[in-house]
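Reading through the structure tokens given below for one structure.
These figures come from a predicted structure and were not determined experimentally. When a ligand or atom number is given, it counts from 1 through the structure's own listing order.
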Amino acid sequence: MTKAAMISLSKAFAIVDREIAGISLSSELLPVRKAPGRTIAENQVSRLDLPPFDKSAVDGYAVPAGDDGPEYDVLETVPAGCVPTEVLAAGTAAKVMTGAPVPKGTGKVVMVEQTRRIEGKVRILSPSKAANICGKGEDVRRGQVILSVGTRLGPLEIAVLISAGITEVKVFRPVRVSIISTGDEIVDSPDRLAPGKIMNSNGPLLSALCNRCGLEVVDNSTVADEFAATLSAIRTALAKSDLVLLSGGVSVGDFDFVPGAMAEAGLKMHFSKVAVKPGRPMTFASSCGKAAFGLPGNPVAVYLMFCLFVLRAARRITGQKNHVRLVTLPLGRDYRRRSAERIAYLPCRLTRNGTIEPTEYHGTAHLQALLGCDGLFVVPSGVTELPAGRKVDFISIRGGFE
Ligand code: AMP
Ligand code: MG
């Protein structure tokens, strides 16, 4: 492994994209309500105009177009869910509730708060130009694509489909993932924490990331630093999953058996060194519609490599193109580093005035650093110094409302 060529991140992405193009998932028809977390397998087209009719945005009085008279005869009251029976002519109005269709001939709806009712008439107290009407089809047109293939269904997508009259969707089956945490030092219970041992945080981290991202974890195991055990775990995992995620054992240590075991399991090795910090020993192999990611052992690298590589692959398998939302923001202070060989992702916080401040970070084992940050900023390879004010790419790791 020592002599493996280090490739750029963009080259590594291109290889992953090429190799996972051979992985395809079956799809199934599901009731929309049962499909949260799934990814749609075909574009979804609205069955309805939204709003489906010209509707009142307020409780008030519909008055005729071109008639700004101070007083109108009230013809009828239209509750939401009913239809008007009268057409408005000059001097007439209809009381309408929020969400009710407005009568033909309506120019605007005057808010009830701006009127006074006097027997069968309504008087306008404070004239306003606001129409207070939501026009038929102004939000969505019947036949319009409202969600495109590759969209993952969250609460908003579910509600948008239902509002457009769609109750069943074709979705991909979830991507199946096996997780294998390697290392003689890792234990799954504090009771087993003998000297030299550490808790296995990568297994639970990867499993929780998969769950959050809609990937189905079919197996989550640990394996000692032994070639035969690693090989057997990889074989078992390949038989039941689309993607196999290993952590640890991919570097140049005496007990790093993962790349050798991957090759022995019949996988074609594509790369084992990527010019990214953290994450250099990132290893990728594939064969016959399956892919295996040898993630580094250190937890921050595991997190980043999952987001950059595994999620990229999983999203592309289900038809989505871009899964990372980059924004460009100015640095709040000067940044310097010694070596510029690799592209670097560094924890940072966003200040209230929209600048980026690096946060405390001790390196790739410092998982806690990811809790105290808003996201990661990117230092391109070849760059050692960035002055305050220079714009850098920023990836949020927390949704604003999550
Ligand atoms: P390795 O790549 O196997 O040499 O591991 C690199 C570093 O990551 C070592 O300090 C390991 O102890 C640590 N590490 C490996 N696997 C895990 C794990 N599952 N959970 C937490 N730390 C780990
Ligand atoms: Mg190890």
Item to check | Ring centres under 6.0 angstrom apart (Phe13, Phe309) | outcome: yes
Next on the checklist: So, regarding Ser251 and ligand 1 (criterion: nitrogen or oxygen to nitrogen or oxygen, under 3.5 Å), is there a contact or not?
Outcome noted: no
Item to check | ligand 1 N/O within reach of Gly249 N/O, cut-off under 3.5 Å | outcome: yes
Checklist entry - Are any of the heavy atoms in Thr222 under 4.0 Å away from ligand 1? => result no
Checklist entry - Would Gly183 count as a contact of ligand 1 if the rule is a heavy atom under 4.0 Å away? => result no
Item to check | Shortest protein heavy-atom distance from atom 18 (C) of ligand 1, along with the residue and atom involved | outcome: Asn202 ND2, 3.1 Å
Checklist entry - How far apart are the closest heavy atoms of Ala131 and Gly107, and which atoms are they? => result CB-O, 4.4 Å
Checklist entry - ligand 1 and Ser181, any nitrogen or oxygen pair closer than 3.5 angstrom? => result no
Next on the checklist: Between the side chains of Glu28 and Arg38, is the shortest nitrogen-to-carboxylate-oxygen separation below 4.0 Å, so that they form an ion pair?
Outcome noted: yes
Checklist entry - Hey, is ligand 1 close enough to Ile198 that some N/O pair sits below 3.5 Å? => result no
Checklist entry - Which protein heavy atom lies closest to atom 19 (N) of ligand 1, and at what distance to 0.1 Å? => result Asn200 OD1, 2.8 Å
Checklist entry - Of all the atoms in ligand 1, which lie at a distance below 4.0 Å from a heavy atom belonging to Thr182? => result 16 (N)
Checklist entry - Is Gln368 atom CD crowded by more than 12 heavy atoms from other residues, nucleotides or ligands, each under 6.0 Å away? => result no
Next on the checklist: Keeping Arg142 on the side-chain end and Ala164 on the backbone end, is there a donor-acceptor pair under 3.5 Å?
Outcome noted: no
Checklist entry - At a non-hydrogen distance cut-off of under 4.0 Å, which region of Ile186 contacts ligand 1 (side chain, backbone, both, or neither)? => result side chain
Checklist outcome for this item: Counting from 1 in the order shown, the ligand 1 atoms closer than 4.0 Å to a non-hydrogen atom of Met199 are 20 (N), 21 (C)
Checklist entry - So, does Asp219 use its side chain to make a donor-acceptor pair with the main chain of Ser178 at under 3.5 Å? => result no
Item to check | Gly297, Ser201, Gly203: member with heavy atom nearest to atom 14 (N) of ligand 1 | outcome: Gly297
Checklist outcome for this item: Among non-hydrogen protein atoms, atom 4 (O) of ligand 1 lies closest to Asp256 OD1, 4.1 Å
Checklist outcome for this item: Shortest non-hydrogen pair, Ala41 vs Phe172, comes out as CA-CE1, 3.5 Å
Next on the checklist: Looking at every heavy atom in both Ala57 and Thr98, which two are closest together, and how far apart are they?
Outcome noted: O-CG2, 3.7 Å
Next on the checklist: I need the atoms of ligand 1 closer than 4.0 Å to a non-hydrogen atom of Gly248, numbered in the order shown.
Outcome noted: 2 (O), 3 (O)
Checklist outcome for this item: For atom 10 (O) of ligand 1, the closest protein heavy atom turns out to be Asn298 OD1, 4.1 Å
Checklist outcome for this item: Here the pair of heavy atoms bringing Asn132 nearest to Val109 is ND2-O, 2.9 Å
Checklist entry - Is atom CZ of Arg337 surrounded by more than 12 heavy atoms (other residues, nucleotides or ligands) closer than 6.0 Å? => result yes
Checklist entry - Among protein heavy atoms, which lies nearest atom 11 (C) of ligand 1, and at what distance? => result Glu185 OE2, 3.0 Å
